[in-house]
Number of protein chains: 2
Amino acid sequence: MGLEHDNNSHQVRHIFQKAAPTRAFEDIVRQIEEAIISGELKPHERLPSERELQQIFGVGRASVREAIRVLESNGMVEVRTGAVSGGIFVKPISTATTVEALQRLFLLEKISERELVEFRQAVEGITGYWAAKRATDEDIRRIQEIVDNTEPGDIRWDEFHDADVEFHLAVAEAAKNRINLIVMKAVRQTMIRVMRNVFKTLMTRRQARDAIIQEHRAILEAIRNRDAERARDLMVSHIITFYKDIL
Amino acid sequence: MGLEHDNNSHQVRHIFQKAAPTRAFEDIVRQIEEAIISGELKPHERLPSERELQQIFGVGRASVREAIRVLESNGMVEVRTGAVSGGIFVKPISTATTVEALQRLFLLEKISERELVEFRQAVEGITGYWAAKRATDEDIRRIQEIVDNTEPGDIRWDEFHDADVEFHLAVAEAAKNRINLIVMKAVRQTMIRVMRNVFKTLMTRRQARDAIIQEHRAILEAIRNRDAERARDLMVSHIITFYKDIL
DNA sequence: TTTATAAGAATGGAAGAACCATTACACTCC
DNA sequence: GGAGTGTAATGGTTCTTCCATTCTTATAAA
């Protein structure tokens, strides 16, 4: 299926590393990366300017800039121009970069709709289960608010879609597992790109909208009643119902 | 839990984009990226040299190089030096870069052991379920081979760990869902880094090794018998048994 | 005094030239 | 033939110079 031979990931014994000559920017990336991961450099903290880093690392400015580009593309630093406010800053943790990386991989791999829907179904199910066990009063209040504010009519399909996403992310937050949350974001974001027409068709029909809202209410009730099995089952059938016509 | 406010990802209405002045390398990255994702540029295909790209895009060589660094860090191109064999090449699809990105995020977020184990349990369960429904004869033969080749004694703990990983990845392949596979790789790789001592302790004990191998055999039998529910339940309890002492 | 304007300084963005290190190929010499 | 050598093309790197942006400060005007 295309993943079998990528970088010998199944050849489990990793004793030797590839002996590539280290490039200057790689050293710089490694050092700054370690400082950020270890917490030595804190979010929003400012790094020395490019010209200072050039002196510190004893390299040319181009090498410093290439290192910054890599760190920037990995979502670890942020760059601003200007005299006083400008500079290189440690970026606060964000899922955005990683979600983009996941999405890029899904697109390149040509992940099928079946895989997306199927995976979503599994993860959403377990999310409902955990949410029912762990949701705080505040979580439940928030989900309630989202459900109450979702109007079945008078909004565009993409607005309704956004409201749906908001509900599912709120439930995922209540489940208190951030891996879940990150993966769900990536899957959902890839879906809306790959299956745009499916969403548009389904979320335009008033009947489908009513059903979705009703199911959201039922899931919320199960969570409120701490009925984890029911929350899971409702969530799974919620997903199945939605996609049943297209798979 | 730290994810709530990252980049307004919960503020679902994305109408406007940030109006940042485009930098030269960003344009180059975007164009090459689109060419790769669309398939216009194929894996292993060679891009024009840096000096040619400089002419093509009408920019300085530094801008070209910064663009290459970004693409390289995203795992989309590969760079080799030298006259004939050297150049910039489209990299075949690989999960490695994305798995690294996920792992980096998990470490930065300080994802807890509870979250890792819990998520693994859920995903492995559904993996066993699907594997029982979809494994080909070749898949089953491969899993059988791995199980048969796993010796409970006379190997180091990390060798036994690698064999265990191999089993679970083989099952994940049989499940025919690549999202599953990608996520499992990332979770497992983060676990071995964060919970190294746990693995070392558990996988050193002969008793634990015997239990693991026996459970692997049972899971394989369930898959062979196409008993999806049983495969799922066995897989879940396999994970629970392993971690029960540490959570 | 307040406000508008201009100059200055420090930042990242960018171009261009020059050189080095690596690699494969073609050629020469033995 | 085989071993060595030159050559050309590639990415790696530095240096210099300048531009665009952004804030601070000084100055002039109201």
Side-chain angles (χ1 to χ4, degrees), chain A residues 17-33 35-36 41 43-91, chain B residues 17-33 35-36 41 43-92 97:
Chain A
Q17 304 285 328
K18 191 167 66 178
T22 319
R23 295 172 287 184
F25 78 89
E26 290 175 329
D27 238 25
I28 302 175
V29 167
R30 188 182 47 74
Q31 290 191 47
I32 297 181
E33 196 172 88
I36 292 177
L41 285 172
H44 300 107
E45 191 170 338
R46 181 180 175 168
L47 276 67
S49 72
E50 292 184 355
R51 290 164 178 87
E52 286 173 306
L53 289 172
Q54 177 180 359
Q55 299 299 323
I56 293 171
F57 290 109
V59 298
R61 200 171 150 209
S63 295
V64 171
R65 284 179 60 81
E66 289 183 25
I68 306 279
R69 288 293 90 77
V70 172
L71 292 167
E72 197 182 15
S73 122
N74 289 345
M76 306 193 75
V77 303
E78 188 176 15
V79 175
R80 290 197 293 273
T81 62
V84 182
S85 67
I88 306 154
F89 300 85
V90 178
K91 209 173 172 184
Chain B
Q17 303 285 327
K18 191 167 68 180
T22 318
R23 294 172 289 184
F25 78 89
E26 289 175 330
D27 239 26
I28 303 174
V29 167
R30 188 182 45 76
Q31 290 191 46
I32 297 180
E33 197 172 86
I36 293 176
L41 285 171
H44 300 107
E45 191 170 337
R46 180 181 174 166
L47 275 67
S49 72
E50 291 185 356
R51 288 164 179 86
E52 286 173 304
L53 289 172
Q54 179 181 356
Q55 299 298 321
I56 293 171
F57 290 108
V59 298
R61 202 173 149 210
S63 294
V64 171
R65 284 180 60 80
E66 289 182 24
I68 305 287
R69 287 294 89 76
V70 172
L71 292 166
E72 197 183 17
S73 124
N74 289 345
M76 305 193 75
V77 304
E78 189 176 16
V79 176
R80 289 197 293 272
T81 63
V84 182
S85 66
I88 306 155
F89 300 85
V90 178
K91 209 173 173 183
T97 312

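Quantities reported herein were computed from a predicted structural model and do not represent experimental measurements. Computed from heavy atoms alone, side chains included, the values below leave out hydrogens, waters and symmetry copies. Proteins come first, then strands; the chains are lettered A, B, ... in the order of their sequence lines, and each starts at number 1.
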Find the distance between CD1 (A/I68) and CE (A/M76) and round it off to the nearest 0.5 Å. 12.0 Å
Which atom pairs link the protein and nucleotides 23-25 of chain D when you take only N or O atoms and keep those under 3.5 Å?
| from | atom 1 | to | atom 2 | distance (Å) |
| --- | --- | --- | --- | --- |
| D/dC23 | OP1 | A/S85 | OG | 3.3 |

Less than 3.5 Å between a donor and an acceptor, one on the side chain of B/R51 and one on the base of D/dG11, is that the case here? yes
Please report the distance, rounded to the nearest Å, between [atom1] in [X] and [atom2] in [N].
{"X": "A/L53", "N": "D/dT14", "atom1": "CG", "atom2": "P", "result": "13 Å"}
{"X": "A/R23", "N": "D/dT10", "atom1": "CZ", "atom2": "P", "result": "18 Å"}
{"X": "B/I56", "N": "C/dA15", "atom1": "CD1", "atom2": "P", "result": "15 Å"}
{"X": "A/E52", "N": "C/dA10", "atom1": "CD", "atom2": "P", "result": "11 Å"}
{"X": "B/E50", "N": "C/dA21", "atom1": "CD", "atom2": "P", "result": "17 Å"}
{"X": "B/E78", "N": "D/dT10", "atom1": "CD", "atom2": "C1'", "result": "15 Å"}
{"X": "A/I28", "N": "D/dG12", "atom1": "CD1", "atom2": "P", "result": "14 Å"}
{"X": "A/F89", "N": "C/dA10", "atom1": "CZ", "atom2": "C1'", "result": "12 Å"}

For residues [X] and [Y], report the shortest heavy-atom separation together with the two atoms involved.
{"X": "A/N74", "Y": "A/E33", "result": "ND2-OE2, 4.2 Å"}
{"X": "B/I32", "Y": "B/L71", "result": "CG2-CD1, 3.7 Å"}
{"X": "B/F89", "Y": "B/H44", "result": "CD2-O, 3.7 Å"}

On DNA chain C, compare the nucleotides closest to B/Q54 and A/I88; which residue's is nearer the 5' end? A/I88
Polar side chain donor-acceptor pair, B/S49 to B/E52, under 3.5 angstrom: yes
Looking at every strand, decide which applies to A/R80 at a 4.0 Å heavy-atom threshold: base, sugar-phosphate, or nothing. sugar-phosphate
State whether the side chain of A/R46 and the backbone N or O of A/G86 hold a donor-acceptor pair below 3.5 Å, judged by distance alone. yes
Which parts of residues 59-74 of chain B get close to DNA chain D, meaning a heavy atom less than 4.0 angstrom away? B/R61, B/R65, B/R69
